[in-house]
Every structure is written in C-alpha cells, then in structure tokens.
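Take a look at the structure set out below.
Reminder, nothing fancy here: chain letters follow the sequence lines and each chain counts from 1.
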Number of protein chains: 2
Amino acid sequence: MPNISPRQLEAFVAVATTGSVGRAAQAIHLSQPAVSMALAELERMLGQALFDRVGRRLLLNEAGSALLPRAHEVLERLRELPASLAPSAAPGGQLHIGASNTVGNYLVGELLGGFVSAHPQVAVHLTIANTEQIVAQVNRFALDVGCVEGAVTHPDIEVLPWRQDRLVVCARPDHPLARRRRLAARDFREVRWILREHGSATRALTERALAALPPAAGLLELGQSEAIKQAVIAGLGIACLPEVAIADALAAGKLRVLSTAFLDLRRNLSLVVHRKRYRGPLLQGFLDSTRSAAPAPRGGRRSTA
Amino acid sequence: MPNISPRQLEAFVAVATTGSVGRAAQAIHLSQPAVSMALAELERMLGQALFDRVGRRLLLNEAGSALLPRAHEVLERLRELPASLAPSAAPGGQLHIGASNTVGNYLVGELLGGFVSAHPQVAVHLTIANTEQIVAQVNRFALDVGCVEGAVTHPDIEVLPWRQDRLVVCARPDHPLARRRRLAARDFREVRWILREHGSATRALTERALAALPPAAGLLELGQSEAIKQAVIAGLGIACLPEVAIADALAAGKLRVLSTAFLDLRRNLSLVVHRKRYRGPLLQGFLDSTRSAAPAPRGGRRSTA
DNA sequence: ATCCCCGTATCATTTTTATTGATGCCAAAC
DNA sequence: GTTTGGCATCAATAAAAATGATACGGGGAT
C-alpha cells in the first residue's frame, strides 16, 4: 500500500493554485517533469484524475476540489509542527493577503497595522487586484484571505463583514459646484466625470449613482484612484471616490466634497475566506485582529483590554 | 530547510506508543536502525529531544507529549485523504478499542454492535485489560478509545459517561440465603466470598460493600468473572458480580440474586479518550454510535430509530 | 565489584526512490 | 500548414533511506 507523500500534495496544491504545471514547478522550486510525475503518481494512487485535461490546460475537477482543502490543511499542519514545540515563540510563517484597490492603497494601515505589529516575524504578502480577481485567487487557495468591496456570492467563500466605506463626490475648490451649499440632481448637467476602469467595484457603484443624474458631458477613465484624484485637482473634472482616498487632499484644501446627500454611496468592505480553508494560528490570528481592530475609529489609540 | 517527513512522524508515534524503538520498528515493519535514525533526524531538525533517555528506556518528555497529538493527527489526516474522495464509500480503516474485563466480555455486543454493523469495512481491534492499563494505553495513543468502569482522573483524558452498571450478590438457588425474602447485613456472617483479583474495579467495589458486612468466613480469589460464576454455581460460595455477567445463569435458574437492597452497588461505565486526540470520522463515528445506542435498556430489543 | 544481557546508537553497503535534462507528443494560435 | 507553448515520457544520475553488522552503555545477576 503506497503512501501519499507531502511532495505529491505540494505539487498538487501548487498546480491547483497556479493552474499550470510549469508555474507550479517554479513556485515550489522543482523541475517541470518532477511536478508532472508527482501529480501523475498521486492520481494513480488515488485511482482517479484530479484535473480535467482540456487541451493544454488543467482544470480542477470535482475530486480535485474535494481534495484541495484537505491537502492544503495537511501541509500546513505539517509545517506548523516545529513551531508548536517552541513554547512562546511567535508563529513566524507566511500570510498571503489580497485586497481590492481601495482597501489595499488607503486602508492598508487599518487592515494590517495591528497584526503586523503583534506578529513581527510573519511575512505578509499583499496582493492588490480587483474584487473578482481576489475572490478567484482565494477560491483556488492562492490567497489566504481577501479584503474586498463588492458583494461576493460564491458557495465556497465565506464573507466576514469588516467595516463600512463611503464614496463622496469631489471637485476642485474653485469648481462652480463646489461653491454652492445645496445641490440637486439637475445641477450635474454638463459636468465631466472621471471614473475608474471597468471591473472596479468603485466604478460599479459610481455608475449606479450616475444613473440618477443627468447624462455626463464627458468621461475620463483612469486605472487608479490616485490618478483620478490628481486629475480632479488639476481641474479635469469631478469624480466619485472613496472618502479615505482623498482625506489628505481635503485637509490640504486641494479638494472639496460636494453635498450630494441625495445619493447613497455607502458600501460594505468584507473579508473573504475559503470556507474549507484550514484556519491555522496565523490566519485565525489575522481574522481575529481585524475583528477587534475594526471598531476602533483610529489607529493611534490602544484599547486597554 | 529540511522538511519533516511522514516516515519520521510515523517512527516517532510508534516509539511513543510502544515505548521502545525495537517494538516500534516491528510495529511499522521497519528495521530497528531505521527507526532509530528517523527519530534522531526528527529530533535534530526540531532542535530538541522528544524523549528523555534514562538508562535504556525512552520516556516521552514535555516536547514529545506536545508533539504526539499533532503528529498523530497529521498522519491520520494523511491516511484519510484517499478515502475522502470516494463519495459514499465506507471509511474502512482501523479502530483500536480497549475495554475493561467486564465490558469486554459481557457488553461487547452493546458496545460494538451498532458500530460494526454500520461500518462493516472497519477493522476493529478490541484489547481487554484492567482500567489502569487501558487508560495508560489511551494516554500514549496505543488505543483510540477505552471503555472502563473505574473513575478516571487524568488531565489529558476525557471521560464520557456511557451507561450504568450494577453489581449483584448471587448464590446457588439452594443456598440458605437464597431462600429468604429479606436479608440484613448480619445474615452474611459465616459465608464464603469469591472475589476477583486485586486491581479489578469489580473487586474494589465489592470490597467497599463487604466493609458494611460481617467479616467473611472464607475468601476465594479468581481472575475472571466467568470462573467466579462457575464457582458459585458449583456451590463454592457467594459472589458479587456484574448483573450482565450472570444474566444467562439467572435465566437458566442456576443462580439467584440475593435481595441486598441495603447495598449500593451501582457504578458508571465510561468511555475514555485522549483529550487532544484527533477525532477522525472513524473515532467520531464510534463515539456517536455509543451515545445513541447507550440509552437502550437491554441488548435483546432493538430500537426503531 | 564484575560479568552478562538487553536494547539503543552508529557505520558502511546496498537498494530504492526521486530529480534532472532531453525528447516526444498534442492542442491551440497564426 | 506551420509554429508555438505546454504536458507527458524516458534514461541517467544524484540523493536518500533501509539493511545487516557492530559498537556502546546501563541494569540486573552472581
């Protein structure tokens, strides 16, 4: 009775997460044939294929999906063994976190601050991409946890509410609309909007808001919130951006928020985790840190308990 | 960074459970030097000893005790991987159950019946020994679960109440005491008692009862309940035995129970499991099966649910 | 105190296993 | 139809582990 080796599991997990034998090989520092053979041997022992070979692509099939969480867990527990003996040693491992654009750029401190200071020996990898990509990577175990804006509805993904976020419409202080106290929808005729790219959750929410306004005079599409902010400051138009993204520019007097009380621009930021993902001490610790740190308004003050 | 191999864990677990490198070697079908080297390599990688070498004996030290449950769990999860893919296949593994003398001999059906019929492919190993030995083996992971009579108070052992048991005082139907309706303590002067050996939980409880009675006229000590039963039938004396052990003899009219209502001879039978033992589907299934089957009053009748 | 026995640790050799680089093969893109 | 990119296969090599023999060392017996 041949036993499953950790190398085979490692190869399988790597192939599943990267989606290709070649990338998996370089991810775990092995040659391509080694990974191919390890995977083949694993499938032979299990008596069934873990991937559907469609063309030159490997797609995780049902059996593979069932195995992936368990294999991942076994490997992680195996890696945790040495650390579990040092009594009070910090875990010291790797944590792969994904974040959407807004969160990753402007809420990094709030998201990671408490955790990294409490666990200095942990190597944290932050990947920034749009919601869809983050969720996909969490789903195939390439990321341990994601923090995104959009509402996620995937059966294998668990969504943990983190905090709320608000978009605001902003303009240069000398913009005509910026001088007025109260605004109505019809005031937004003939303005030029600057938007994020398609696929962005900020863009999606902005478009929902724009539907309630008169047609825009012109559109400008930029890939980054920061770029949009600079464009608004330069007077190229007005934009709808996360308030956390323009806090500094508001304080500096370079931007002004328009009073668009008639628009509901709030949204929920959530943490997403694979439901069957093994929550080791590191991952669990991170999730706990976000739950305890989230209610605090600012990072400067520390709670006593 | 050298990784821990399953072989090393297997060797470590085997040494920990058997208490000797040699026995561990033959248990996992390896040569003695192989186990010795695997263990040495594991300790080298962990940077600390798992056993205290006192003389020619290996005693699990603190670090080893911390590692054992985790190592055991990793190995079991690894073994479970193949089975987790077959959708509705029966688990099919090994389950090592320990039982004290009374339970193992007379309550086997009640203890194992429901489980083995529900899981035909599971190989069940039943070890019979006294309470102390069973607990010791559960504690060093040599047994998955034990079923004993005595009260266990070990910090690493979890005790799950199973069912109650009762001892009864019995004699031949033609014994002078067997003919009388009501008995008192003083009626037990000048009788010959037949007891179990020292170390037996039945013996301990019997002695507690005897302390409330007049001194015995004579003692006879036998190692097995069945032997005692036959001795009582042969008229060699009276005995205090589990009622489940003499049920058939009572029905056959070969024995009679004395009405000793003034003695409290009830005791609790419990399942004992190591607190940190990984409860895989097999072990968990067995524990569940005992909890659901226990409330049934007798073995002859089957409950519908 | 000394000898003997039992069990573990160590050593060199052999056997097995895994890894590598090269090559064949197939499907998709041009 | 040709080319490209990627996975599977093959023989050779390198690494690791298992084995049998042996050295070491602590208890128990005399």
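- Here the P atom of nucleotide D:dC7 and the CG atom of A:Asp52 are 15 Å apart, to the nearest Å.
- Distances shown here put a side-chain N or O of B:Ser20 below 4.0 Å from the OP1 or OP2 atom of C:dT8.
- Close to D:dA18, at under 4.0 Å from its OP1 or OP2, lies a side-chain N or O of B:Arg7.
- The side chain of A:Ser36 lies closest to D:dA8, out of D:dG20, D:dA18, D:dA8.
- Between the CD atom of B:Gln26 and the C1' atom of D:dA18 there is a distance of 17 Å, given to the nearest Å.
- Aromatic pair A:Tyr278/A:Phe141: centroids not less than 6.0 angstrom apart.
- For the pair A:Arg275 (side chain) and A:Ile157 (backbone), a donor-acceptor distance under 3.5 Å is present.
- If you take NE2 of A:His29 and C1' of C:dT19, they are 16 Å apart, rounded to a whole angstrom.
- Counting non-hydrogen atoms of neighbouring residues, nucleotides and ligands closer than 6.0 angstrom, the CZ atom of A:Arg140 exceeds 12 such neighbours.
- The interatomic distance linking B:Leu39 (CG) with D:dA18 (C1') rounds to 16 Å, in whole Å.
- Side-chain proximity of B:Pro33 to the nucleotides D:dA18, C:dG21, D:dT19 is greatest for D:dT19.
- If you take CE of A:Met37 and P of D:dA14, they are 17 Å apart, rounded to a whole angstrom.
- Closest contact between the side chain of B:Val21 and the listed nucleotides C:dA9, C:dT19, C:dA22 involves C:dA9.
- The distance between atom CD of A:Glu43 and atom P of D:dT9, rounded to the nearest whole Å, is 11 Å.
- One can find a donor-acceptor pair under 3.5 Å joining the base of D:dA8 and the side-chain atoms of A:Gln32.
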Note to self: side-chain hydrogen bond (donor to acceptor under 3.5 Å, both in side chains) for B:His125 and B:Gln94? Distances and angles first, verdict last.
What the structure shows: CA-CA 8 Å; B:His125 302 263; B:Gln94 303 241 335; 2.9 Å; yes

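- In this structure, B:Arg44 atom CZ and D:dA17 atom P are separated by 11 Å, rounded to whole Å.
- The residue B:Leu30 sits close only to the backbone: its heavy atoms come under 4.0 Å of sugar-phosphate atoms, none of a base.
- A 6.0 Å sphere centred on CD of A:Glu62 holds no more than 12 heavy atoms belonging to other residues, nucleotides or ligands.
- Rounding to whole angstrom units, CZ of residue B:Phe51 and C1' of D:dG26 are separated by 19 Å.
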